[in-house]
There are 2 protein chains.
Amino acid sequence: MSSDASPAQTPVTLREVAAAAGVSVATASKALNGQGRMKAQTRERIRETAQRLGFRPNSLAQSLLRRRSFTVGLLTNDTYGRFSLPLMSGVSDALVDAGVSVFLCNVEDDTRLAQLHVEAMLDKRVDGIIATGKRIDRHLPVDLANLRIPVIYAFTQPDPGAIAFVSDDAGGARLAVEHFCRLGKKRIAHVTGPASFAVVHARAEAYRDVLTEHGLPVSEPLLGAWSEAWGHDAVAKLFGDKAGREGAPDAVFCGNDQIARGVIDALRERGIGVPDDVGVIGFDNWQIVAEATRPPLSSVDMNLAALGREAGLALLSLVGGKPAEPGIRKLPCRLVVRQSCGRPPGG
Amino acid sequence: MSSDASPAQTPVTLREVAAAAGVSVATASKALNGQGRMKAQTRERIRETAQRLGFRPNSLAQSLLRRRSFTVGLLTNDTYGRFSLPLMSGVSDALVDAGVSVFLCNVEDDTRLAQLHVEAMLDKRVDGIIATGKRIDRHLPVDLANLRIPVIYAFTQPDPGAIAFVSDDAGGARLAVEHFCRLGKKRIAHVTGPASFAVVHARAEAYRDVLTEHGLPVSEPLLGAWSEAWGHDAVAKLFGDKAGREGAPDAVFCGNDQIARGVIDALRERGIGVPDDVGVIGFDNWQIVAEATRPPLSSVDMNLAALGREAGLALLSLVGGKPAEPGIRKLPCRLVVRQSCGRPPGG
DNA sequence: TCCCTCTGAGAAAACCTTTTCCCAAATCGC
DNA sequence: GCGATTTGGGAAAAGGTTTTCTCAGAGGGA
């Protein structure tokens with residue numbers, strides 16, 4: 001019904017609607033926007049005419065007038081990454097209801113390219129920019145500090161005085177280690193990534209804190225690569241020479257899911273049962289990995305989509321003129337329990 | 001140098017440049033665009049003024065006038081997918097040099113959401129749309145057939161009469177199987193995904209063709225899920241009851257990298273050597289999986305970034321008014337050789 | 001001197017919508 | 001019946017740029 005959907009070669013304008021309804025463009029505009037005063041009957045006639053002709057206002061013209069384009073730019077250097085994707089999805093989700101579209105710009109680590117994209121976005125009068133990346137402790141290769149439009153940082157290192165949303169890595173680590181404690185694990189090891197990552201230290205510290213709080217022995221975290229291979233090697237270090245398994249860990253908290261997968265595979269190869277002999281928890285909750293491990297991997301989820309949503313809403317609020325306190329907001333992680341961490345003693 | 005980069009609260013307009021240079025806006029416009037006639041000295045003075053004030057033309061105003069917005073929409077239903085991402089990257093790469101920005105719209109499988117996004121894009125006067133997805137044999141949940149702007153399909157099922165770019169799955173399968181043949185493999189198996197996927201049949205047929213051409217025995221492809229677990233199970237079926245390994249395969253061509261990973265793990269658990277006893281080749285070349293298998297996995301790459309580039313360039317050409325033949329273009333895959341497929345007999 | 005052609009630059013329309021101001025007619029109070 | 005208010009709707013400016021048209025003056029040829 002409605003919309004004679006003839007493949008109109010050129011979009012119908014307000015002027016045409018007005019002519020068809022026998023009124024001026026001013027009246028037509030007001031009728032469609034619920035502004036101005038006119039007979040209800042006139043308003044209805046104009047509405048029907050617009051509907052019949054399939055009129056849709058030209059967003060470009062509106063933007064020009066309102067100085068508001070209902071577009072935002074999303075800048076990332078994480079092309080293939082699994083971090084920025086859920087985040088983007090959250091951003092988009094928060095914005096679509098406000099009629100805001102998202103320009104996606106991947107800038108790799110190329111300053112020139114980043115500059116190019118930012119200028120293109122400014123020229124197109126985006127209402128704001130969300131900057132995101134693949135690491136919480138690295139800048140994008142471009143300066144967004146004095147841009148005269150609002151900028152929100154998400155999952156990337158912000159400029160000083162800016163507003164940023166990041167995951168609470170320490171909190172996430174606490175979730176994992178405390179879960180082990182609740183399960184009665186006594187010797188909990190931590191195998192994680194390289195020292196060059198800030199999150200490695202944040203999580204390691206939380207790991208130590210929780211163990212101390214519970215009066216458990218703290219063994220130094222094992223730092224390595226973010227890879228399965230390192231998880232494998234770490235098991236050799238943790239369980240290697242021990243005759244029997246006297247002092248060996250009964251739980252391993254891993255810095256990401258790939259390490260966890262390596263750990264689980266290596267444990268199985270040694271005939272050590274997961275989760276009965278040793279519990280394992282990963283980080284990132286990368287579904288496709290977590291569900292492919294045997295048994296399926298319990299993992300800390302950074303709630304990146306939620307983080308993206310928050311960032312989107314914050315930007316929207318800023319664009320709407322509401323001021324906001326600068327600073328870094330840490331959003332909580334959540335523990336997704338599958339089967340690799342073990343069941344409670346009584347369960 | 002240049003650009004007194006005061007954090008100007010409002011962008012500088014052509015009118016201000018003109019005033020500062022003591023000319024009319026018309027002259028200023030012509031000076032900056034290399035149009036019209038004027039003294040070289042006048043032109044230069046205007047250029048310098050614009051530079052000094054940091055003038056950048058308002059893209060919205062330009063678009064309104066030119067009826068060309070230098071934006072395109074990228075529609076996908078593959079939020080987290082590893083398919084659409086490289087593809088997007090290729091699209092963006094092809095367009096950025098033309099000053100074209102990309103609206104990314106993820107529509108999941110939600111018709112209402114898709115409709116919403118398409119209308120938002122049309123309202124914003126995108127110059128064209130690229131539709132992509134996670135499957136070559138499925139439509140997006142929205143009709144893009146009569147849109148009065150150009151549409152290109154990439155890695156998704158096109159409407160009839162449209163222009164589409166897809167990977168040549170049969171060709172990709174040939175690459176893999178022929179490689180096995182060159183390595184002297186004689187009993188090549190095929191473990192792949194569910195029958196509901198068109199690519200499963202395309203690849204299986206190519207698999208059969210190549211074996212027949214080489215006079216090798218064809219065993220029926222094993223259809224299952226796209227998962228590691230299925231790769232595991234398939235090995236049981238292929239190598240299971242055989243005492244010794246008389247009739248067992250000496251090579252397995254897998255429908256994706258996860259299946260291949262399952263196959264390799266299962267073979268190792270049985271003490272069967274890869275690649276010496278059995279060669280394995282995967283599909284998709286999902287780097288993070290392919291490089292984590294032991295040994296690293298040889299795999300067929302669909303060249304999705306290149307595919308995205310082609311799609312972007314084709315759209316650009318269409319937007320530029322050049323007509324193009326409708327139809328489906330298949331772009332070649334390439335075989336990425338790592339260590340799982342084996343070395344040539346003489347090597 | 002007269003007519004013609006360049007040269008250099010400005011005025012104004014166009015793109016499409018929104019909003020402010022304005023005005024004529026109708027209604028109301030008395 | 002007269003002034004004051006309300007009602008219904010239009011004219012015009014604004015947003016920033018591009019492009020077409022116009023025009024004054026300068027120079028050239030006869």
- Query: Have A:Lys124 and B:Ser101 got a donor and an acceptor in their side chains that come within less than 3.5 Å?
  - Reply: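 Side-chain D/A pair, A:Lys124 to B:Ser101: present.
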- Item | Residues A:Arg329, A:Glu310: salt bridge by 4.0 Å N-O rule |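 A salt bridge is absent here (no side-chain N lies under 4.0 Å from a carboxylate O).
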Starting at [atom1] of [X] and ending at [atom2] of [N], how long is that distance when rounded to a whole Å?
| X | N | atom1 | atom2 | answer |
| --- | --- | --- | --- | --- |
| A:Met38 | D:dG9 | CE | C1' | 7 Å |
| B:Arg68 | C:dA14 | CZ | C1' | 19 Å |
| A:Arg56 | C:dT17 | CZ | C1' | 15 Å |
| B:Lys124 | C:dT17 | NZ | C1' | 16 Å |
| B:Leu64 | D:dA14 | CG | P | 17 Å |
| B:Lys39 | D:dA26 | NZ | P | 12 Å |
| A:Gln62 | D:dG16 | CD | P | 17 Å |
| A:Glu44 | D:dG8 | CD | C1' | 17 Å |

[N], OP1 or OP2 - any side-chain N/O from [X] closer than 4.0 Å?
| X | N | result |
| --- | --- | --- |
| A:Asn58 | C:dC15 | no |
| B:Thr13 | D:dG16 | no |
| B:Gln35 | D:dT18 | no |

- In terms of the nearest nucleotide of DNA chain C, which residue is placed more toward the 5' end: B:Thr42 or B:Arg67?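 It is B:Thr42, whose closest nucleotide lies nearer the 5' terminus.
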- Query: Pick the nucleotide of DNA chain C nearest each of A:Lys30 and B:Ser24; which residue has the one closer to the 5' end?
  - Reply: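 Mapping each residue to its closest nucleotide by heavy atoms, the 5'-most match is B:Ser24.
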- Item | Output field: ring centroids B:Phe165/B:Tyr153 closer than 6.0 Å |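 No; B:Tyr153 has its ring centre 6.0 Å or more from that of B:Phe165.
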- Query: Given the side-chain rings of B:Phe83 and B:Phe155, with only the six-membered ring counted for Trp, is the space between their centroids under 6.0 Å?
  - Reply: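 Under 6.0 Å, so yes.
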- Do other residues, nucleotides or ligands put more than 12 heavy atoms under 6.0 Å from A:Arg15 CZ?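 Counting neighbours around CZ of A:Arg15, 12 or fewer heavy atoms of other residues, nucleotides or ligands fall under 6.0 Å, so no.
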- the helix from C:dT1-D:dA30 to C:dC30-D:dG1: angle between its terminal axes, five pairs each, to 10°?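 Nearest ten degrees gives 60° for this helix.
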Report the nucleotide, chosen from [options], that has the shortest atom-to-atom distance to any side-chain atom of [X].
| X | options | value |
| --- | --- | --- |
| A:Leu65 | C:dT18, C:dA9, C:dC16 | C:dT18 |
| B:Ser29 | D:dT7, D:dT19, D:dG9 | D:dT19 |
| B:Arg37 | C:dT18, C:dT7, D:dT17 | C:dT7 |
| B:Ala26 | D:dG8, D:dT18, C:dA12 | C:dA12 |

- Stepwise, does the side-chain contact (heavy atoms from CB on, under 4.5 Å) test hold for A:Asp143 with A:Asp159? CA-CA 8 Å; A:Asp143 180 25; A:Asp159 289 309; 4.1 Å; yes
- Query: Step by step, would you call A:Arg56 with B:Leu122 a side-chain contact (heavy atoms from CB on, under 4.5 Å)?
  - Reply: CA-CA 9 Å; A:Arg56 310 225 67 205; B:Leu122 290 177; over 6 Å; no
